[in-house]
Amino acid sequence: MTTPYQHEPFTNFQVEENRRAFEEALNKVEASLGQDYSLVIDGERISTDEKLVSVNPANTNEIIGTVSKANQELADKAIEAASKAFESWRKWDPVARAEILFRAAAKMRRRKHEFSALLVKEAGKPWKEADADTAEAIDFMEYYARQMIALKDGKPVNSREGEINKYIYQPIGVSVVIPPWNFACAIMVGTTVAPLVTGNTVLLKPAEPTPVIAAKFVNLMEEAGLPKGVLNFVPGDPVEIGEYLVDHPKTALISFTGSRAVGTRIYQRAAIVHEGQFHLKRVIAEMGGKDTVVVDKDADLDLAAESILTSAFGFSGQKCSAGSRAVIHQDVYDAVLEKTVQLVKDITVGDPRFQENWMGPVINQKAFDKIMGYIEIGKEEGRLVIGGEGDDSKGYFIQPTIFADVAPDARIMQEEIFGPVVAFCKAKDFDEALEIANNTEYGLTGAVITRNAEHMERAKRDFHVGNLYFNRNCTGAIVGYHPFGGFKMSGTDSKAGGPDYLILHMQAKTISQML
Ligand SMILES: NC(=O)c1ccc[n+]([C@@H]2O[C@H](COP(=O)([O-])OP(=O)(O)OC[C@H]3O[C@@H](n4cnc5c(N)ncnc54)[C@H](O)[C@@H]3O)[C@@H](O)[C@H]2O)c1
Ligand SMILES: N[C@@H](CCC=O)C(=O)O
């Protein structure tokens, strides 16, 4: 009997004891930086000459670790290992598979600050964001373990005189997991344990900027009792290894989370049936967002400003859920803009190693250059109200930036910037605000700040996003409470952390037996 699922509580860093414990974890992580991590194939540690070098985005002189890169020969070896392991793993009692997740969750909980401290260093996450990332990873393990237990006997169907019918779920096969770097623990863990607990075997190809946290997780799963070959760790070049794994005829399921450009490419490639392939590949693709906070004329304006700030600048806007568009009723536009600017003035930007910094760096030079490029575009398309500066001399720091009076079809209103930049746009009424909110190719998250019950109902029906929030920010979905996934070009709406997610990793089988 398991206890009911509850999400992992966040750490209150105002409590001195917690603050001290986190400092200690940071010291411990810093003392172990620079280590080398191997590939893991069929339980064997394999070191190669070519390495991914993980760098602290807040201090580019600091190497977090080096991680061996797989080549295509090793990728083949990993696929073979996963295929072989599938034959026994698929027959495991689902409860025993779930127990491995419970054990892994308990182990991660005991080392929670260590994982979060590594996220501070490797992904540039401020303390609070890092703590939430690790908590979400624990949640995924706890939640999916319970979901598997609930699904282990399938779902009821009718039987009739002389015939017993059953409807059960079975695993699919070798799964390729390709996560992003921005929820380097949570999404990497969630997308890996879902195929595992459902009886599939996995090749995990981590994102290039954050391979060390993935290596630590693979070790943890082994400690929790995962048999050899069930989870294989194959970091490498995204095109050389990523596409090779996607194309491989033995790949049965691809779970991708990342940009629209890569997701659509994978979706297309996976549709091709290769020689020796006896199945259609299943693809889960969760992609980008261009998310909007809508502010109605009768809204609580302080709440509106806080919600815009949290949505736009939490983790430097590097969330698929980031509210990079604020669409505001004309009657309250100036007031909300002014209140938001006042709040932004208090944001501290700096090395997230130090608790006082609310916003850290962006992930790497490529991201820095892309975001600064959009800031230049923004200067043409709107009025720069605050921010606009960047400094990449030591790490990749960009000031929180607001552009006002931006047209609905402007590039900074349409394209995912994935940085601390928000565009303010005026709407003449609530209908127009919703129309503007919907006018992107994405449909991931959205928030509406309003006191108007009729407008709430209208937004529920007409605001075309996978995750809709009222009177709060549009980021921060919690496993088991806010199943997460988007419409339109934001992806396949898989709803991670929700009751329908695991089924996407299995095939349903109908069994009818005559008596
Ligand atoms: N919808 C969601 O749930 C969600 C969650 C987090 C991030 N995201 C999105 O992810 C993006 C940021 O993450 P990113 O920069 O890591 O995205 P990305 O698309 O550049 O990379 C994602 C993953 O794909 C791999 N990859 C890159 N090219 C590949 C290829 N040709 N074939 C196979 N694999 C390849 C990368 O190595 C990485 O592991 C943003 O667009 C963000 O909105 C979406
Ligand atoms: N699930 C996260 C976003 C993940 C994408 O980056 C949120 O709800 O903010």
Side-chain angles (χ1 to χ4, degrees), residues 52 69 75 123 125 129 132-133 136-137 139-140 176-188 190-191 203-211 214 234-248 251 254-270 283-291 310-311 314-324 362-364 366-367 370 415-419 442-447 465-467 469 472-479 481-498 501:
L52 289 174
K69 283 169 90 168
K125 287 214 160 183
E129 300 276 349
D133 194 329
E136 190 175 0
D139 286 346
F140 277 129
V176 172
V177 175
I178 307 180
W181 54 266
N182 72 328
F183 278 76
C185 192
I187 295 181
M188 181 271 300
T191 53
L203 278 83
L204 168 61
K205 191 218 74 61
E208 304 86 272
T210 54
V234 284
D237 180 80
V239 175
E240 188 195 345
I241 294 305
E243 296 196 349
Y244 188 74
L245 296 176
V246 165
D247 293 345
H248 202 287
T251 296
I254 299 151
S255 180
F256 167 83
T257 313
S259 62
R260 176 201 191 285
V262 176
T264 48
R265 187 176 168 87
I266 288 176
Y267 200 65
Q268 199 174 9
R269 291 183 87 97
V283 180
I284 296 170
E286 291 307 310
M287 311 192 292
K290 190 69 193 170
D291 311 302
T310 314
S311 306
F315 188 37
S316 310
Q318 300 174 109
K319 301 184 187 185
C320 55
S321 52
S324 55
V362 299
I363 192 68
N364 55 23
K366 192 172 159 210
K370 178 181 163 195
E415 297 171 19
E416 189 182 42
I417 300 172
F418 221 56
Y442 295 107
L444 189 46
T445 75
V465 291
N467 282 59
Y469 302 101
R472 52 159 285 184
N473 54 309
C474 63
T475 55
I478 289 180
V479 172
Y481 296 65
H482 315 118
F484 191 79
F487 296 168
K488 294 155 77 181
M489 293 314 288
S490 291
T492 50
D493 194 31
S494 65
K495 289 291 187 275
Y501 190 68

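First listed ligand is number 1; within each ligand, the first listed atom is number 1.
Geometrically, K495 does not engage F484 in a cation-pi contact defined by less than 6.0 Å to the ring centre and at most 45° from the axis.
With sequence neighbours excluded, the residues satisfying side-chain contact (heavy atoms from CB on, under 4.5 Å) with A322 are K319. Evaluation of the salt bridge (charged side-chain N to carboxylate O under 4.0 Å, His left out) rule for K205 yields E208 as partners, not counting sequence neighbours.
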**Q.** Derivation and outcome, salt bridge (Lys or Arg N to Asp or Glu O under 4.0 Å), residues R260 and E416
**A.** CA-CA 9 Å; R260 176 201 191 285; E416 189 182 42; over 6 Å; no
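A side-chain contact (heavy atoms from CB on, under 4.5 Å) with L203 is found for one member of I241, L245, I178, V177 and no other, namely L245.
Near ligand 2, heavy-atom contacts under 4.0 Å come from N182, F183, K319, C320, S321, T475, G476, A477, F484.
Of the possible donor and acceptor atoms, one in the side chain of D133 sits under 3.5 Å from a partner among the backbone N and O of A186.
Between I363 and W181, some side-chain heavy-atom pair lies under the 4.5 Å cut-off. Side-chain contact between I266 and V246 is present, with at least one heavy-atom pair separated by less than 4.5 Å.
For the residue pair S494/E286, the side-chain donor-acceptor check at 3.5 Å is satisfied.
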Any protein N or O within less than 3.5 Å of an N or O in ligand 1? List each pair with its distance, or say none.
residue	atom	partner	partner atom	Å
ligand 1	1 (N)	M287	N	3.4
ligand 1	1 (N)	M287	O	2.7
ligand 1	10 (O)	G258	O	3.3
ligand 1	15 (O)	W181	NE1	2.9
ligand 1	16 (O)	W181	NE1	3.4
ligand 1	17 (O)	S259	N	3.4
ligand 1	19 (O)	S259	N	2.8
ligand 1	19 (O)	S259	OG	2.6
ligand 1	31 (N)	E243	OE2	2.8
ligand 1	37 (O)	K205	NZ	2.8
ligand 1	37 (O)	E208	OE1	2.4
ligand 1	39 (O)	P179	O	2.7
ligand 1	39 (O)	K205	NZ	3.3
ligand 1	41 (O)	E416	OE1	2.6
ligand 1	43 (O)	E416	OE2	2.6

